[in-house]
Every structure is written in C-alpha cells, then in structure tokens.
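Just below is one structure, and these are the notes that go with it.
Quick caveat: nothing in here was measured; it's all calculated off a predicted structure. Chain letters run A, B, ... following the sequence lines, proteins first, then strands; residues in each count from 1.
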There are 2 protein chains.
Amino acid sequence: METFGDSWSLLIMRDLLTLGKHTFGEFLRSEERIGPSVLADRLARLERGGIIVRTPSETDARKVTYSATERGIAAIPLLYEAARWGMGGVRMDTDDPWEAVMAMDRDEVLAAWHRAVREGGSLFGGEESAFARLRARERVVR
Amino acid sequence: METFGDSWSLLIMRDLLTLGKHTFGEFLRSEERIGPSVLADRLARLERGGIIVRTPSETDARKVTYSATERGIAAIPLLYEAARWGMGGVRMDTDDPWEAVMAMDRDEVLAAWHRAVREGGSLFGGEESAFARLRARERVVR
DNA sequence: TCATTGACTTTGATCATCATAGTGATTTAC
DNA sequence: GTAAATCACTATGATGATCAAAGTCAATGA
C-alpha cells in the first residue's frame, strides 16, 4: 500500500514492465509528464524498497538503466488487474493492444509477461515483447 | 490509476471490501488514522467516480452508509493481488486470515468475496463473511 | 433536557508537487 | 580538438495538498 499508493510509482512500474522503458529520460518523457525531481525521488524510493535496481551503463558513462527486481516483477499480476479494472469492460479500439491482451488467457499472459521481463523485455515494448510472442502463438494454435 | 493511485482511496476500499466498514466513523477509526477532511474528500471523489454510493440511513437520520457499486466490487481482484504482493511470500502468523486466504484457490476466494460484498458483507467482516463461508466449505471438502 | 453521537467543515501550519532552470559529466559532430 | 548536444539528475520558488485539532449542526439516548 505504501509502495503503490502513489500514482507516480505505479506509473513508473507500468512504463518499466509494460513499455520497456529503462532510463531516466524515457520515464521523464512519459505521457503523464512527471517532473524530474519527483521522478528522481520515486526512483530512489523504489530502489530503496528493493523493487528496482539502478545500474550505470557500461558502454555510455552518462546513462543509467533501471530494471525490475524479482520483487518488482512480482507486481505484474497487480498491474494486470489494475489494467483490467481500468478498462472496465469498455470496448476501446479493436486494435488496442490492451484489449487484445484482455481477450487472451490470464495465466498465459502472466507467464509470458513474467518471462519477457526476466529476459530484459516487457509486455509491449520491443521486438521480443511478451505481446508479440503471445500473438504469434495465437496464430499457431488457431 | 487516477482513482487508486492514492493510498487513502485504496485504504478506504480495503476497509469497505475486506473489513466491512460502512460509515464515516468506522473509516475514521481505521488503523491508518486518516483525517476527517481528507476522508470526506476521498469519499466524495469515490462517489463521483461511481465506485461507491452514499446512502443516508433510514433508521437513524444521523448515519450515512457507504457501499461499493458494481464498479467498486470489480476492484476486488485488484485488492486481492495487492494483498498477495504485499505479503510477498513472507510467512506471517499461521493464523493470520490473509495467510489462510492466500492458501485457498484464487477463483473460489474471488467468487465468494464478490458474492459476500453483493449481499452487503465483506471478505473478513461480520458473521456472513466470505472468509467464514470459505472456511466452512474447506472443512466439508476435506 | 442535556449530554452524546455522527457526519462532516474550518483553520492554519507544515509538507509535497509543480514547472522551469540549472549543473556537471560525458559523448557526438564538425 | 573544440563546441554543441545528451544524460542524469539538483535547485528553486510558487502553488497546492495534508495534517491535527477544534468546531458545527442535526438527531438521538438517558
């Protein structure tokens, strides 16, 4: 409750786990327009809480990447239910990716999502996204 | 996100759905010590959001009861996952009710919880709680 | 009738958040 | 090899939210 009873922390975790954002700048340029001081504070707090880890980049000394710890990854089902509640049965665009995800089997989605994040990916972000793989599998099964 | 990205709103929903609290005074006397002005604000906000309903009592004109709408009830899985994440695999007292709930089948817990709330009850609060019924069934099945 | 209960409001101080501007260490472009 | 750009932040001052405590006001119970 303390951890996620704050919209910014929740938003950061969403960006990290669903969109595959990893750097300060990426979080900063998110839709919701978080300010740099608040972002810095929340990242530090999440790190102190053992939910994310801060790792300076090895190739570019300016960059820092943030990624989810196991404890952070464990919040995936929470994010899933939050998304489901947020959609609230409302039909959006048929080609909205969340819409597509919600039509899939919950356990399969969670498993694929977990796996993707552990491999450095996320639900929607990047080529190797859980979503892309779920979609591919869907085509094979049917 | 906007709705539950606020710890007080989340706490109110928890008290409502798991502890069966229904009145201003009950919420006010919660563990977390919310102030009356903030409580009033959050209850109004949740009502405007269609998540809870405010109903003046018919027997006592001073009292007001707050209860979850269907939209509010739909937040139960979210609360469930939040609780599960919050426990984080940590074993607490063996006789902690949340511990017992987490050992049960997810779908059964959610179904019983949903039903209890629709009948005016909650997960843990009161005689007719979902927990009490789940426990009773558990004894029969085994 | 008079204290009490219950649902809030008011108030003033403290705390958090906001947008904006900066800092300082890299790294790229020319 | 220098200047511009990028990156992760910090600093700042105004504005907004939160806090505890006390107060209001109608309805009830003793």
Side-chain angles (χ1 to χ4, degrees), chain A residues 1-16 19-49 51-69 72 120 125-126, chain B residues 1-16 19-49 51-69 72 120 125-126:
Chain A
M1 290 277 186
E2 290 159 32
T3 312
F4 291 127
D6 166 73
S7 61
W8 292 127
S9 303
L10 207 56
L11 247 12
I12 290 169
M13 292 309 286
R14 184 206 56 180
D15 283 355
L16 186 61
L19 270 27
K21 298 190 177 179
H22 287 287
T23 68
F24 196 91
E26 282 173 332
F27 292 124
L28 206 57
R29 284 185 284 280
S30 85
E31 253 186 289
E32 286 83 5
R33 306 246 134 248
I34 185 172
S37 47
V38 176
L39 176 57
D41 175 74
R42 289 310 171 333
L43 287 172
R45 225 188 273 194
L46 287 168
E47 202 197 353
R48 266 184 282 126
I51 294 151
I52 61 176
V53 240
R54 198 192 102 109
T55 337
S57 162
E58 296 188 4
T59 61
D60 186 337
R62 292 171 305 176
K63 286 190 182 174
V64 165
T65 67
Y66 292 93
S67 46
T69 60
Chain B
M1 289 278 185
E2 291 160 31
T3 312
F4 291 127
D6 166 73
S7 62
W8 291 128
S9 303
L10 207 58
L11 247 13
I12 289 168
M13 291 310 286
R14 184 206 57 182
D15 283 355
L16 187 61
L19 270 26
K21 297 190 177 178
H22 288 288
T23 68
F24 195 92
E26 282 173 332
F27 291 123
L28 206 58
R29 284 185 284 279
S30 86
E31 255 186 285
E32 286 83 5
R33 306 248 132 251
I34 186 174
S37 47
V38 177
L39 177 56
D41 175 73
R42 291 305 143 49
L43 286 172
R45 227 189 273 194
L46 287 169
E47 203 198 352
R48 264 184 283 126
I51 294 150
I52 61 174
V53 235
R54 199 193 101 110
T55 336
S57 162
E58 296 188 3
T59 60
D60 187 337
R62 290 172 306 176
K63 285 191 182 173
V64 166
T65 68
Y66 292 94
S67 44
T69 61

In whole angstroms, the gap separating C1' of dA17(D) from CG of D6(A) amounts to 13 Å

Taken to the nearest whole Å, CG/D41(B) to C1'/dA17(D) is 9 Å

Of the candidates dC19(D), dC9(D), dC7(D), the side chain of W8(B) sits closest to dC19(D)

With sequence neighbours left out, the residues meeting ring-ring contact (aromatic ring centres under 6.0 Å, His included) with F4(B) are W85(A)

Rounding to 0.5 Å, atoms CD (E47(B)) and OG1 (T69(B)) come to a distance of 10.5 Å

Would you call V64(B) and T23(B) a side-chain contact if the rule is heavy atoms closer than 4.5 Å?
-> no

Could you check if a side-chain atom of V53(A) sits within less than 4.5 angstrom of a side-chain atom of T65(A), using non-hydrogen atoms only?
-> no

To the nearest angstrom, the CZ-P distance between R42(A) and dT10(D) comes to 14 Å

Value for CG (L28(A)) from NZ (K21(A)), rounded to nearest 0.5 Å, stands at 9.5 Å

Worksheet item: Any side-chain heavy-atom pair from H22(B) and F27(B) closer than 4.5 angstrom?
Response: no

Value for OG (S67(B)) from CZ (R54(B)), rounded to nearest 0.5 Å, stands at 11.5 Å

Distance col, row I34(B):CD1 vs L39(B):CG, nearest 0.5 angstrom, shows 4.5 Å

Bend of the helix from dT1(C)-dA30(D) to dC30(C)-dG1(D) from end-axis comparison, five pairs per end, nearest 10°, comes to 10°

Residues at least two apart in sequence or cross-chain that pass side-chain hydrogen bond (donor to acceptor under 3.5 Å, both in side chains) with S9(A), listed by chain then number, are D6(A)

Students should find that the nucleotides of DNA chain C closing off the region near chain A, any atom under 4.0 angstrom from a heavy atom, are dT17(C) to dT27(C)

CZ (R42(B)) and CG (L10(B)) are apart, to the nearest 0.5 Å, by 11.5 Å

**Message:** Just checking E32(A): does its CD atom have more than 12 heavy atoms from other residues, nucleotides or ligands closer to it than 6.0 angstrom?
**Reply:** yes

Rounded to the nearest 0.5 angstrom, the CZ-CZ distance for F24(A) and R62(A) is 15.0 Å

Per the under-4.0 Å heavy-atom filter, residues of residues 25-33 of chain A near DNA chain D come out as G25(A)

Counting primed atoms, P, OP1 and OP2 as sugar-phosphate and everything else as base, the B/S/- map of nucleotides 23-30 of chain D against protein heavy atoms under 4.0 Å is ---BBS--

Rounded to whole Å, the CZ-C1' distance (R54(A) to dC7(D)) equals 12 Å

For Y66(A) and dC7(D), is the shortest distance between a side-chain N/O and OP1 or OP2 below 4.0 Å?
-> no

So M13(A) and I51(A), do their side chains get closer than 4.5 Å, heavy atoms only?
yes

